[in-house]
Protein chains: 2
Amino acid sequence: MTTVDEPAGRRLTERGAKTRTRIITAATDLMYTRGVGATTLDDVVAASGVSKSQLYHHFAGKDALVRAVIDHSGKRVIDREREALRRVSSIAGLRRWRDALVRNNAVQHGAYGCALGSLASEVADRDDVARQTLSGLFAEWEGLLADVLGRLQDAGTLPDDAPIDELTTGLMGALQGGYLMAQTAHDVTPMATSIDMALNYIESLSAE
Amino acid sequence: MTTVDEPAGRRLTERGAKTRTRIITAATDLMYTRGVGATTLDDVVAASGVSKSQLYHHFAGKDALVRAVIDHSGKRVIDREREALRRVSSIAGLRRWRDALVRNNAVQHGAYGCALGSLASEVADRDDVARQTLSGLFAEWEGLLADVLGRLQDAGTLPDDAPIDELTTGLMGALQGGYLMAQTAHDVTPMATSIDMALNYIESLSAE
DNA sequence: CTAAAACTGGACTAAATGGTCCATTCCATT
DNA sequence: AATGGAATGGACCATTTAGTCCAGTTTTAG
């Protein structure tokens, strides 16, 4: 699902790749903290220490850069989550996963929200390609959660007929909603509460 | 909690009030569908059929207009929800409430998301006053849900020691996360699933 | 070593945008 | 009917922004 960062038809030296990466990481950071619309290309130029012509050398325009940022953020989140969820196979493990997310979001008091969620909210209705990419990334993330629930099933913790996909969607909903509420309150408590409720429900399906 | 739309220190004729309202409703619509950042004042001027000087006569600037839009959207949502939740006092009633929200969001295939949620996501980290207003609106909305759960308690459906505030936060999280996922997928199914899980959990606390 | 390709910096432009100003008209109050 | 504040239209302005161009430098490959 992850789109390749590099455009197909051009040669790219190591030096160029570094420049390109520098642009993307700077843009990712800015667009996460300020929002896509509020981030100008001049901001990106200043933050990355790259000239404007280079920006246009590597990206067709702002839309293309935004899409690259989405790919990059997506890869970052998915990699992190793949690692975090890889060996989780218990409710307690899910709770530790939740703790890590909340703790991580607490350092900024919930500000900026979820890296993918805030991009989605801003971009979904204005760039259909970006929307679909983000939709795929959410699906991938949910897939990782579904794997965990599958392992819970294998371990006999969850019944075989547990509706894994629905549970996964519900868990992701609670997570995203939690991020948004934390962002609005500048307090991570509602995020913790929201995810907790989803986990409680999943746990309640086990203890039968 | 709702802030008054009119600024305190100035006289306002009926005609002026109408103009002011026209500006706000046009801006509310545009900012909901296009986003705050992507809505220009010229857009608002064109859509409301009002001159720019009028816009600046009634609002100190874009920020002030955005805040008025937040107040207006907030009032709209809270009024709608107050009415929708007023007499709900059963799980079935909550499910009907869910159905109505989902059906309503389905007409646009989930696009634009929650009127308050998308404003919050875009504005929370860039205007602290707006953020606090939105935070208050969410609290008000959650209060309406808490009232419903209280009635469930009174009816004996929910146990007396049910943690109403946590449940309310979880429900709002599922709702907001559902809106976001529906917006990203352009499909309301995940929204329905997400809220369902929260309601299932609440229901599970009853059947003990 | 050399030439082409890749890369770089920064000046430049056209359009858009938030915001200002002012001359004129409307309207409530006395 | 007069008066002053409210309302209005629209020209105007400074700045910002996405996007262009090009002259010059560095890297790569033969």
Side-chain angles (χ1 to χ4, degrees), chain A residues 5-28 30-31 33-70 122-123 126-127 129-130, chain B residues 4-28 30-31 34-70 122-123 126-127 129-130:
Chain A
D5 266 1
E6 289 78 31
R10 197 144 36 80
R11 205 169 121 223
L12 192 68
T13 66
E14 193 174 336
R15 188 173 165 224
K18 264 186 187 161
T19 300
R20 198 190 153 83
T21 301
R22 215 155 23 114
I23 296 172
I24 293 180
T25 53
T28 299
L30 287 169
M31 290 182 179
T33 53
R34 305 188 184 175
V36 172
T39 300
T40 73
L41 297 185
D42 285 342
D43 289 339
V44 175
V45 163
S48 62
V50 151
S51 73
K52 201 145 187 203
S53 61
Q54 273 319 291
L55 205 164
Y56 277 92
H57 181 69
H58 286 287
F59 303 96
K62 194 179 182 184
D63 280 1
L65 178 59
V66 170
R67 290 177 191 176
V69 163
I70 289 171
E122 195 172 348
V123 148
R126 292 175 252 315
D127 179 344
V129 173
Chain B
V4 187
D5 268 1
E6 290 77 34
R10 197 143 38 79
R11 207 169 119 223
L12 191 66
T13 67
E14 195 176 334
R15 189 171 164 225
K18 263 186 188 161
T19 300
R20 197 189 153 82
T21 302
R22 218 157 20 114
I23 295 173
I24 293 180
T25 53
T28 300
L30 287 169
M31 290 181 180
R34 307 189 182 174
V36 172
T39 300
T40 72
L41 297 187
D42 286 340
D43 290 339
V44 175
V45 163
S48 62
V50 150
S51 72
K52 200 133 179 219
S53 62
Q54 274 318 292
L55 205 163
Y56 277 92
H57 180 68
H58 286 287
F59 304 95
K62 193 178 182 182
D63 280 1
L65 178 59
V66 170
R67 289 175 193 179
V69 163
I70 289 171
E122 196 173 348
V123 149
R126 290 175 250 322
D127 179 344
V129 173

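Chain identifiers are assigned alphabetically (A, B, ...) following the order of the sequence lines, protein sequences preceding nucleic acid strands; residue numbering begins at 1 within each chain.
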A:Q54 side-chain N/O to C:dC7 phosphate OP1/OP2 under 4.0 Å: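 Checking A:Q54 against C:dC7: no side-chain N or O falls below 4.0 Å of OP1 or OP2.
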Side-chain N,O (A:S51) to OP1/OP2 (C:dC7) below 4.0 Å: no
B:V50 vs A:L41, nearer the 5' end of DNA chain D by closest nucleotide: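 With B:V50 and A:L41 compared, the 5'-side residue is B:V50.
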Upstream residue (5' side of DNA chain D) when A:D42 and A:A60 are each assigned their closest nucleotide: A:D42
B:T25: partners by side chain to side chain donor-acceptor pair (under 3.5 Å), with sequence neighbours left out: none
All side chain to side chain donor-acceptor pair (under 3.5 Å) counterparts of A:T19, not counting sequence neighbours: none
Out of D:dA7, C:dG19, C:dC7, whichever nucleotide has its closest atom nearest the side chain of B:K62: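 Selected nucleotide (nearest to the side chain): C:dG19.
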If you measure from [atom1] on [X] to [atom2] on [Y], what distance do you get to the nearest 0.5 Å?
| X | Y | atom1 | atom2 | answer |
| --- | --- | --- | --- | --- |
| B:I23 | B:K18 | CD1 | NZ | 14.5 Å |
| A:R22 | A:L55 | CZ | CG | 11.5 Å |
| A:I70 | A:D127 | CD1 | CG | 6.5 Å |

Report, one pair per line, the protein and nucleotides 21-23 of chain D atoms (nitrogen or oxygen only) whose separation is under 3.5 Å.
none

Euclidean distance, atom [atom1] of residue [X] to atom [atom2] of [N] [Å, nearest integer]:
| X | N | atom1 | atom2 | result |
| --- | --- | --- | --- | --- |
| B:M31 | C:dG18 | CE | P | 9 Å |
| A:H57 | D:dT27 | NE2 | P | 14 Å |
| B:H58 | D:dA7 | NE2 | C1' | 7 Å |
| B:R20 | D:dA6 | CZ | P | 14 Å |
| B:L65 | C:dT17 | CG | P | 15 Å |
| A:D63 | D:dA18 | CG | P | 11 Å |
| A:L30 | D:dA18 | CG | P | 12 Å |
| B:K18 | C:dC26 | NZ | C1' | 15 Å |

Shortest non-hydrogen contact between B:R126 and A:R34, atoms and distance: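 Shortest heavy-atom contact: CZ-O, 2.9 Å.
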B:V36 backbone acceptor or donor facing B:K62 side chain under 3.5 Å: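 Yes; judged by distance alone, with no hydrogens or angles, the pair exists.
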